[in-house]
Q: 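Below are the structure tokens for one structure; questions will follow.
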Amino acid sequence: MKFKALKGVHDILPPETYIWQHMEVVAKEVFRTYGYKEIRLPIIEPTDIFIRSIGETTDIVEKEMYTFQDKGGRSVTLRPEGTAPFVRAFIEHNLYNEPSPQKYYYIGPMFRYERPQAGRQRQFYQIAVEVLGTDDVKVDAEVISMLSIFFKKIGVKDIEIEVTSIGCGRCRPEYKVALKNFLKDKLNIFCDDCKRRYDINPLRILDCKVKTCIDAREGSPSVIEFLCKDCKVHFNDVRYYLRLLGIEHIINPNLVRGLDYYTRTTFEVKSPLLGAQNAVAAGGRYGSLVEEFGGPPVSGIGFAVGIERVIPLIKGLPSIWGGPDIFLCSLGKEAEEKSLLLAEQLRGEGLWVELGYDKSSLRSQMRRADRIGAKNVIVVGEDELKKQRVIIKNMKDKNEVEAAFDVKAIIKTI
RNA sequence: GUGAGUGUAGCUCAAUAGGUAGAGCACUGGACUGUGGCUCCAGUGGUUGUGGGUUCGAGCCCCAUCACUCACCCCA
């Protein structure tokens with residue numbers, strides 16, 4: 001019987017784990033300079049928080065959630081996204097009593113029961129940030145700027161930032177009506193999916209890739225024209241600050257977000273180098289989610305980066321993948337014991353030290369040292385023990401020197 | 001959930017008209033009693049995804065099933 005990982009769930013092995021670590025280190029460092037603090041959240045939550053926030057009729061809730069009953073009969077769900085759990089925690093711990101705005105980030109797995117394909121798995125990882133407690137447009141711009149700087153710092157260049165505003169609870173319904181009116185008499189031209197979307201989520205028709213649909217929606221009203229006065233001012237300010245910060249971006253009124261809680265600013269980072277799933281990060285403002293969850297009437301904004309989607313965009317491995325500082329070759333039982341002790345002492349000094357564990361010839365130990373990329377080899381044999389000295393060989397320039405059988409002397413020599 | 005493609009060694013792939021599975025890389029060891037990379041040699045490793053069927057005989061043909069991949073839907 002051979003066991004396998006579940007469909008859409010992957011092991012992440014070295015050396016890829018080094019890229020993951022690198023990405024997390026860079027993210028944390030960038031976020032720190034903006035004042036973000038880490039928050040660690042459960043990956044399992046009461047089912048209701050997702051239904052209430054993401055939206056009852058969204059695909060995520062209708063067919064993609066890992067939902068089951070626990071032994072106490074509660075309906076629980078592996079989180080399909082992070083904002084709802086974050087808002088739950090924010091309110092539960094009264095974090096709005098901290099100085100405003102509150103800035104947090106979290107890193108971890110999300111779960112969606114979907115058919116896997118390039119850039120999509122059932123367990124996937126996100127690096128996400130959330131800012132609560134302010135409506136200030138500068139934050140919208142700053143969040144997008146931080147995201148762009150993060151990509152720059154990890155060396156991802158082939159990306160485009162798309163921004164739009166989808167209005168608020170007042171103006172969006174008006175736009176929906178106007179859009180449906182415009183599309184109504186052309187409905188027979190559209191593909192089957194779009195016909196279905198017309199009733200469920202007409203905004204999504206704007207995102208359809210079918211050529212006839214693209215032509216048919218030509219001249220449709222733009223969400224931006226329908227923004228109410230406040231939303232319009234807000235969006236114009238976002239654009240102003242993005243320009244001020246010199247963030248290259250595209251205004252895409254057809255940008256569609258899948259989650260119901262978004263209001264006003266939404267944005268997406270795409271890469272043309274990826275497959276059909278080309279969004280590497282996405283986010284937006286959520287104006288009333290906190291209040292709907294029983295918290296104070298504060299607005300929030302955040303984004304999530306899909307780690308698996310960014311990985312293929314990072315060119316080459318960071319050079320942290322080196323070899324051991326020292327490889328100890330030993331010959332004979334006494335030498336093996338002395339080497340074991342010496343290794344522990346050297347490690348205590350912060351060095352990466354490997355041993356030739358299996359009794360084998362010096363040749364074979366040397367070969368092993370070479371294969372794993374050891375920088376130095378120390379030979380401990382009978383002669384050396386007798387003289388209480390060791391031979392240190394630099395593997396790169398092949399030079400050999402002698403040193404006293406002593407940690408300090410060895411460190412000084414290498 | 002829908003559609004298409006692919007399944008042979010750890011990895012990349014061979015196997016002519018169906019005749020009983022091979023190479024390179026990797027790994028381990030040797031040539032070189034205590035010195036790596038190069039070279040040469042050897043070894044480990046496969047019920048050809050699985051189960052049926054056709055056939056004297058199936059990696060190859062047929063059916064089913066599973067897995068993986070890509071795309072749709074949808075999304076990070």
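Quick note on labels: first sequence line is chain A, next is B, and so on, each numbered from 1. It should be emphasised that the depicted structure is a prediction, and the values quoted were computed from it without experimental measurement.
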Q: List the steps and the verdict of side-chain hydrogen bond (donor to acceptor under 3.5 Å, both in side chains) for Gln117(A) and Arg120(A).
A: CA-CA 5 Å; Gln117(A) 70 182 79; Arg120(A) 172 194 285 162; 3.3 Å; yes
Q: So, under a plain 3.5 Å distance rule, would you say the side chain of Lys398(A) forms a donor-acceptor pair with the base of G37(B)?
A: yes
Q: For residues Gly287(A) and Thr263(A), report the shortest heavy-atom separation together with the two atoms involved.
A: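 Between these two residues, the closest heavy atoms are N-OG1, 2.9 Å.
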Q: Under 4.0 Å, counting only non-hydrogen atoms across every strand here, what does Val310(A) touch: a base, just sugar-phosphate, or nothing?
A: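 Result for Val310(A) = nothing.
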Q: What is the distance from CZ of Phe111(A) to C1' of C75(B), rounded to the nearest Å?
A: 17 Å
Q: Any luck finding a side-chain donor-acceptor pair between Tyr125(A) and Gln123(A) under 3.5 Å?
A: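 Distance-only check passes for Tyr125(A) and Gln123(A).
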Q: Checking Glu268(A) against Thr266(A): is there a side-chain donor and acceptor pair closer than 3.5 Å?
A: no
Q: Which sits closer to the 5' end of RNA chain B, Asp397(A) or Tyr113(A), going by the nucleotide each is nearest to?
A: Tyr113(A)
Q: Going by number, which of residues 24-43 of chain A have a non-hydrogen atom under 4.0 Å from RNA chain B?
A: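 RNA chain B contact set from residues 24-43 of chain A: none.
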Q: How many Å lie between CD on Glu400(A) and P on G36(B), as a whole number?
A: 10 Å
Q: In whole angstrom, give me the gap between the P atoms of G43(B) and G57(B).
A: 33 Å
Q: Atom CG of Asp370(A) to atom C1' of U28(B): distance rounded to whole Å?
A: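 Rounding to the nearest Å, CG of Asp370(A) and C1' of U28(B) are 15 Å apart.
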Q: Sticking with atom C1', work out how far G46(B) lies from C40(B), rounded to a whole angstrom.
A: 27 Å
Q: For Lys375(A), look at atom NZ and say whether over 12 heavy atoms of other residues, nucleotides or ligands are found less than 6.0 Å away.
A: yes
Q: To the nearest angstrom, how far is Ile378(A) atom CD1 from U35(B) atom P?
A: 18 Å
Q: Could you tell me the separation between the CG atom of Leu313(A) and the C1' atom of A76(B), rounded to a whole number of Å?
A: 13 Å
Q: Given atom CD1 of Ile54(A) and atom P of C75(B), what is their separation to the nearest angstrom?
A: 11 Å
Q: Dump every N/O contact between nucleotides 64-72 of chain B and the protein below 3.5 Å, one line per pair.
A:
from	atom 1	to	atom 2	distance (Å)
A67(B)	O2'	Lys4(A)	NZ	2.9
C68(B)	OP2	Lys7(A)	NZ	3.0
C70(B)	OP2	Ala118(A)	N	3.0
A71(B)	OP1	Ala276(A)	N	3.0
A71(B)	OP2	Gln117(A)	NE2	3.1
A71(B)	OP2	Ala118(A)	N	3.4

Q: Rounded to whole angstrom units, what separation is found between the CG atom of Leu362(A) and the P atom of G29(B)?
A: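 Leu362(A) atom CG is separated from G29(B) atom P by 13 Å.
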Q: Check the pair Ile107(A), Gln126(A) against side chain to side chain contact (heavy atoms under 4.5 Å, CB included), reporting the backbone distance first and the verdict last.
A: CA-CA 6 Å; Ile107(A) 300 174; Gln126(A) 291 186 337; over 6 Å; no
Q: So does Arg368(A) get a side-chain nitrogen or oxygen closer than 4.0 Å to the phosphate oxygens (OP1/OP2) of G29(B)?
A: yes
Q: Whole-Å distance between C74(B) C1' and Lys270(A) NZ?
A: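 These atoms are roughly 14 Å apart.
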Q: Could you check whether Thr57(A) and Glu62(A), counting side-chain N and O atoms only, form a donor-acceptor pair closer than 3.5 Å?
A: no
Q: Give a yes-or-no answer on whether the side chains of Thr265(A) and Ser165(A) include a donor-acceptor pair shorter than 3.5 Å.
A: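 Checked: Thr265(A)/Ser165(A) side chains show no N/O donor-acceptor pair below 3.5 Å.
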Q: Only Watson-Crick and G-U wobble pairs with both distances less than 3.5 Å should count. Give RNA chain B in dot-bracket notation, marking inter-strand partners with |.
A: (((((((..((((.....[..)))).(((((.......))))).....(((((..]....))))))))))))....
Q: Taking only side-chain N and O atoms of Arg371(A), does any of them lie within less than 4.0 angstrom of OP1 or OP2 on U28(B)?
A: yes
